[in-house]
S.K.: 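Please find one structure pasted underneath; my questions will follow.
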There are 2 protein chains.
Amino acid sequence: MVKHTGRPGYLQIADDLRAQIRGGALAPGSPLPSTAQLAEEYDSSLSVVKMAVGILRNEGLVIGQQGKGVFVRDTSDIPAAGDLAGEVAELRTAVQDLSARLAKMEEQLATSTARRPSRGSR
Amino acid sequence: MVKHTGRPGYLQIADDLRAQIRGGALAPGSPLPSTAQLAEEYDSSLSVVKMAVGILRNEGLVIGQQGKGVFVRDTSDIPAAGDLAGEVAELRTAVQDLSARLAKMEEQLATSTARRPSRGSR
DNA sequence: TGAGCCAACTAGGTTAACCATGTTGGCTAC
DNA sequence: GTAGCCAACATGGTTAACCTAGTTGGCTCA
């Protein structure tokens with residue numbers, strides 16, 4: 001399936017999956033085929049598929065959930081390409097959320113470690 | 001060199017190189033150490049270094065020239081949008097990483113402080 | 001001296017294998 | 001029937017090895 005063009009296989013697979021996502025063939029929330037299935041489908045190796053999925057993951061198009069699968073991110077969550085303002089806004093809310101959760105955890109940790117000191121292993 | 005944080009090594013190396021570039025330690029146009037040197041420097045494997053460099057290449061921060069080396073892209077070559085996009089991408093991966101780690105810790109705290117029903121949910 | 005060859009080094013792509021970790025569903029024992 | 005165990009399967013990270021292809025510098029030979 002892959003090849004002819006000289007473009008690396010992992011980029012071709014990433015392109016194809018990206019097109020399927022943007023085209024709606026892979027609906028938001030739906031899972032991608034497993035890496036093993038994709039490897040067979042594209043007649044490639046697991047490593048190449050993992051690299052391709054890693055690209056999409058890095059782009060924020062999909063979200064990998066260990067043990068479950070890789071799922072197409074909700075389109076409403078996907079900032080339009082080039083919409084940097086949207087991405088920044090999204091990141092800002094994400095950071096605020098993280099800050100709140102972290103503060104909450106720190107408080108819990110402070111009270112729990114007072115009673116039950118934890119080990120220092122890293 | 002790498003490790004301690006739970007953050008994958010290839011991301012740590014990418015972060016470090018990115019910081020060196022943004023900080024000016026690696027001047028525009030100057031070459032990065034070879035992958036073999038980086039692997040030794042970070043006490044990691046060639047594959048991990050190649051993945052890290054691939055990330056920076058994907059972000060447009062560096063340009064790999066086969067047979068010659070990997071060079072820091074001239075900042076003037078990077079359009080403002082591209083620069084911002086790179087930073088946004090960087091922030092997004094950082095936020096996703098933080099979110100995942102925080103969620104993991106929250107779950108651990110929930111099970112350790114409350115009861116531990118553990119295995120029931122599916 | 002100059003042309004050509006060649007070894008060494010570089011990035012990049014691919015494959016295979018291994019391990020860690022998480023989820024799921026089925027099986028078993030109580 | 002339910003709780004617990006466990007195998008199967010999932011993603012994710014790492015390593016090693018092999019290959020292709022481009023660059024460079026030194027060496028040899030005419």
Side-chain angles (χ1 to χ4, degrees), chain A residues 1-15 17 30-58 61-73 122, chain B residues 1-15 17 30-58 60-73 93 96-97 99-101 103-108 110-111 115-122:
Chain A
M1 175 124 189
V2 156
K3 279 193 186 173
H4 305 118
T5 66
R7 187 167 173 77
Y10 70 96
L11 288 182
Q12 289 185 50
I13 296 177
D15 288 344
L17 292 176
S30 66
L32 269 64
S34 73
T35 51
Q37 284 178 301
L38 287 175
E40 188 177 1
E41 179 179 344
Y42 288 103
D43 192 25
S44 187
S45 70
L46 283 177
S47 302
V48 171
V49 171
K50 288 206 287 188
M51 290 176 69
V53 172
I55 290 176
L56 299 181
R57 196 154 34 99
N58 194 54
L61 278 178
V62 300
I63 295 181
Q65 286 183 260
Q66 203 166 316
K68 295 185 70 175
V70 179
F71 298 86
V72 178
R73 200 167 170 192
R122 59 176 174 92
Chain B
M1 173 117 190
V2 155
K3 279 193 185 171
H4 302 118
T5 67
R7 186 166 172 81
Y10 70 96
L11 288 182
Q12 290 185 49
I13 296 177
D15 288 344
L17 293 176
S30 66
L32 269 65
S34 72
T35 52
Q37 284 177 303
L38 287 174
E40 189 177 1
E41 179 179 342
Y42 288 102
D43 192 25
S44 188
S45 70
L46 283 177
S47 302
V48 170
V49 170
K50 289 205 286 187
M51 289 176 70
V53 172
I55 289 175
L56 300 182
R57 193 155 35 99
N58 197 52
L61 278 178
V62 300
I63 295 181
Q65 286 183 259
Q66 207 166 316
K68 296 185 71 175
V70 178
F71 298 85
V72 178
R73 196 167 170 189
T93 59
Q96 287 175 352
D97 176 64
S99 182
R101 286 158 60 192
K104 191 174 179 178
M105 280 190 63
E106 282 173 343
E107 187 167 353
Q108 288 180 356
T111 56
R115 302 173 40 225
R116 22 182 106 205
S118 65
R119 293 203 167 266
S121 65
R122 72 168 168 175

S.K.: Between D:dA10 atom C1' and A:K68 atom NZ, what is the distance in whole Å?
M.R.: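 Atom NZ in A:K68 sits about 11 Å away from atom C1' in D:dA10.
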S.K.: Would you mind telling me which of C:dA11, D:dT15, D:dG12 lies closest to the side-chain atoms of B:V48?
M.R.: D:dT15
S.K.: Would you say the side-chain atoms of A:Q65 pair up with the backbone N or O of A:F71, donor to acceptor, closer than 3.5 Å?
M.R.: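 Looks like no, no N/O pair under 3.5 Å.
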S.K.: Distance check: side-chain N/O of B:S44 vs OP1/OP2 of D:dT15, anything under 4.0 Å?
M.R.: yes
S.K.: Report the distance from atom CE of B:M51 to atom C1' of C:dT14, rounded to the nearest whole Å.
M.R.: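 Nearest whole value for this atom pair: 14 Å.
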S.K.: Should B:S45 be listed as having a side-chain N or O under 4.0 Å from OP1 or OP2 of D:dA16?
M.R.: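 For D:dA16, neither OP1 nor OP2 has a side-chain N or O of B:S45 closer than 4.0 Å.
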S.K.: Using whole Å, report how far CD1 of B:I55 lies from C1' of D:dG13.
M.R.: 12 Å
S.K.: Specify the residue among B:G67 and A:Q65 whose closest nucleotide of DNA chain C lies further upstream toward the 5′ end.
M.R.: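 It is B:G67 whose nearest nucleotide is closer to the 5' end.
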S.K.: Please state whether the phosphate of C:dT10, meaning OP1 or OP2, lies under 4.0 angstrom from any side-chain nitrogen or oxygen of B:S34.
M.R.: yes
S.K.: Atom CG of A:N58 to atom P of D:dG12: distance rounded to whole Å?
M.R.: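 After rounding, the gap between these two atoms is 12 Å.
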S.K.: So, under a plain 3.5 Å distance rule, would you say the side chain of B:Q66 forms a donor-acceptor pair with the base of D:dA21?
M.R.: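 It does, because a donor-acceptor pair links the side chain of B:Q66 to the base of D:dA21 below 3.5 Å.
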S.K.: Please report the interatomic distance CD1(B:I55) to CG(B:L17), rounded to the nearest 0.5 Å.
M.R.: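 One finds 10.0 Å between CD1 of B:I55 and CG of B:L17.
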S.K.: Without decimals, in angstroms, what is the distance between A:Q12 CD and C:dG13 C1'?
M.R.: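 That distance rounds to 12 Å.
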S.K.: Given atom CZ of A:R57 and atom C1' of D:dG12, what is their separation to the nearest angstrom?
M.R.: 7 Å
S.K.: Let me know, please, whether B:Q37 or B:K50 comes out on the 5' side of the other along DNA chain C by nearest nucleotide.
M.R.: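 This one resolves to B:Q37.
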S.K.: Over all heavy atoms of both residues, which pair between A:E41 and A:P33 is shortest? Give the atoms and the distance, please.
M.R.: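 What the structure gives for the nearest pair is OE1-CG, 4.3 Å.
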S.K.: Can you tell me how far apart CD (A:E40) and OG (A:S45) are? Round to the nearest 0.5 Å.
M.R.: 13.0 Å
S.K.: Indicate yes or no: at least one non-hydrogen side-chain atom of A:K50 is less than 4.5 angstrom from one of A:V53.
M.R.: no
S.K.: Nearest whole angstrom, please: distance from the P of C:dG13 to the CG of A:L46.
M.R.: 19 Å
S.K.: Does D:dA16 have its OP1 or OP2 closer than 4.0 Å to a side-chain nitrogen or oxygen of B:S47?
M.R.: no
S.K.: In whole angstroms, how far is the P atom of D:dT14 from the OH atom of B:Y10?
M.R.: 7 Å
